[in-house]
Amino acid sequence: MLASLLESRRFVIAPSLMCADLLDLGAELRRVETAGADAVHVDVMDGRFVPGFTFGADAVARVKAATSLPVCVHLMLETPEPHLAAFLAAGADELIVHVEAACDAVRCAETIRTAGAVPGIALRPGTALEVLEEVLPFVQRVLVMTVAPGFAGQPLILRALDKAERLVQRLRSLGRDDVAVVVDGGVKPSNVGAIAARGVHGAVAGTGIFGAPGAAANIARMRDQLERVACSPGSAVVA
Ligand code: DX5
Ligand code: ZN
């Protein structure tokens with residue numbers, strides 16, 4: 001799925017379910033699927049790496065059973081190692097650990113790949129790209145946080161977007177066209193075009209998709225903005 005998305009050059013839109021209407025999650029999943037989302041993003045928090053708590057492995061299994069979209073699980077867990085097996089068994093198609101939180105990020109990636117899922121690595125806005133050097137050969141997804149992890153509804157940090165763009169360029173220079181760079185946080189219909197113009201492969205959006213006027217309209221507006229950028233590359237400005 002990831003490989004075919006990269007080949008198609010389609011910008012990946014992944015709604016973050018922590019911002020969906022949790023009392024109506026089945027309908028929200030159907031809505032984003034019909035509207036043309038490419039994956040669903042499940043944020044997992046442990047109250048330590050980040051202050052809050054969200055979904056666990058049981059919730060991931062329920063989401064997986066309710067959608068045909070790939071389920072991407074973002075682990076915001078201090079020491080994720082003991083929890084990988086549960087999320088893989090729950091059906092995570094992509095499993096992402098934080099480089100700042102893993103004891104051994106390379107080993108995590110190998111465990112995820114061996115289980116048949118796509119291994120990914122995430123980094124906080126304040127973490128330098130150099131930290132990824134040794135793990136990059138083992139992952140196919142880099143999630144560049146464009147807000148501080150743990151909370152939805154924050155404004156996008158431009159410096160983090162610059163970093164995502166530098167990573168795209170570095171991966172190109174390495175010939176790594178199997179790695180998708182996805183930004184997470186602060187993405188809205190009004191800035192997704194400018195983000196795509198930086199060359200990143202996709203974006204996670206919570207408030208920007210599930211906020212008013214609702215997921216279907218927001219995803220349609222995002223696709224519209226993305227088409228405009230495709231027509232006139234370089235013209236977009238982050239708002
Ligand atoms: C934050 C999460 C994000 C969050 C994004 O820790 O990783 O996925 O849901 O929410 P918005 O799009 O509102 O910034
Ligand atoms: Zn996330």
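Small disclaimer: the values here were computed from a predicted structure and weren't measured. Residues: numbered from 1 along the sequence shown. Counting convention: from 1, in listed order, for ligands and their atoms alike.
Residue Gln169 qualifies as enclosed at atom CD: its count of foreign heavy atoms under 6.0 Å is above 12. No more than 12 heavy atoms of other residues, nucleotides or ligands shown are found within 6.0 angstrom of CZ on Arg62. For Asp58, the CG atom is loosely surrounded, since the number of other residues' heavy atoms within 6.0 Å does not exceed 12.
Taking every non-hydrogen atom of Met18 and a distance limit under 4.0 Å, the qualifying atoms of ligand 1 come out as 9 (O). Within ligand 1, the atoms closer than 4.0 Å to a non-hydrogen atom of Phe151 are 1 (C), 6 (O), numbered from 1 in the order shown. Those atoms of ligand 1 with a heavy atom of His74 less than 4.0 angstrom away are 7 (O). Within ligand 1, counting atoms from 1 as listed, the ones closer than 4.0 Å to a heavy atom of Met76 are 6 (O), 7 (O). Under a 4.0 Å criterion applied to the non-hydrogen atoms of Ser16, ligand 1 contributes the atoms 4 (C), 8 (O), 9 (O). Close approach of ligand 1 to Val204 is summarised as follows: ligand atoms under 4.0 Å from at least one heavy atom of the residue are 8 (O). If you number the atoms of ligand 1 from 1 as listed, the ones under 4.0 Å from a heavy atom of Ala205 come out as 12 (O). Close approach of ligand 1 to His41 is summarised as follows: ligand atoms under 4.0 Å from at least one heavy atom of the residue are 8 (O).
Residue Ala152 touches ligand 1 through backbone and side chain together, judged by heavy-atom distances below 4.0 Å. Here Thr207 has heavy atoms under 4.0 Å from ligand 1 in both its backbone and its side chain.
The Zn ion (ligand 2) has His41 NE2, Asp43 OD1, His74 ND1, Asp184 OD2 as its protein N, O or S neighbours under 2.8 Å.
At the top of the distance list for atom 14 (O) of ligand 1, counting protein heavy atoms only, stands Gly186 N, 2.9 Å. In terms of protein heavy-atom proximity, atom 2 (C) of ligand 1 is closest to Asp43 OD1, 3.4 Å. Looking from atom 3 (C) of ligand 1 to the surrounding protein, the closest heavy atom is Asp184 OD1, 3.0 Å.
Looking at Gly185, Gly153, Gly150, it is Gly150 that brings a heavy atom closest to atom 1 (C) of ligand 1.
Summarising the geometry, atom CZ belonging to Phe49 is positioned 4.0 Å from atom CZ belonging to Arg124; distances are rounded to the nearest 0.5 Å. Taken to the nearest 0.5 Å, the SG atom of Cys108 stands 11.0 Å off from the NE2 atom of His83. Atoms CG and CD, on Leu143 and Glu94 in that order, are 9.5 Å from each other to the nearest 0.5 Å.
With a 6.0 Å cutoff to the six-membered ring centre and a 45° limit on the axis angle, Arg31 does not count as a cation-pi contact of Phe210.
A donor-acceptor distance shorter than 3.5 angstrom exists from the side chain of Asp38 to the backbone of Ile13, with no hydrogens or angles considered. Asp184 places no side-chain N or O within donor-acceptor distance of the main-chain N or O of Met145, the cut-off being under 3.5 Å. No donor-acceptor pair under 3.5 Å is formed between the side chain of Arg166 and the backbone N or O of Leu129. Side chain of Thr146 to backbone of Ala160: no donor-acceptor contact under 3.5 angstrom is found. Under a 3.5 Å cut-off, the side chain of Asp43 and the backbone N or O of Ser16 do not form any donor-acceptor pair. When atom types are taken as modelled, the side chain of Asp21 and the backbone of Glu28 share no donor-acceptor pair closer than 3.5 angstrom.
Residue Gly206 has at least one nitrogen or oxygen atom sitting less than 3.5 Å from a nitrogen or oxygen atom of ligand 1, judged on distance alone.
Contact check on Arg113 versus Glu110 returns a salt bridge, with a Lys/Arg side-chain nitrogen under 4.0 Å from an Asp/Glu carboxylate oxygen.
Using a 4.0 Å heavy-atom cutoff, Lys188 is absent from the residues neighbouring ligand 1.
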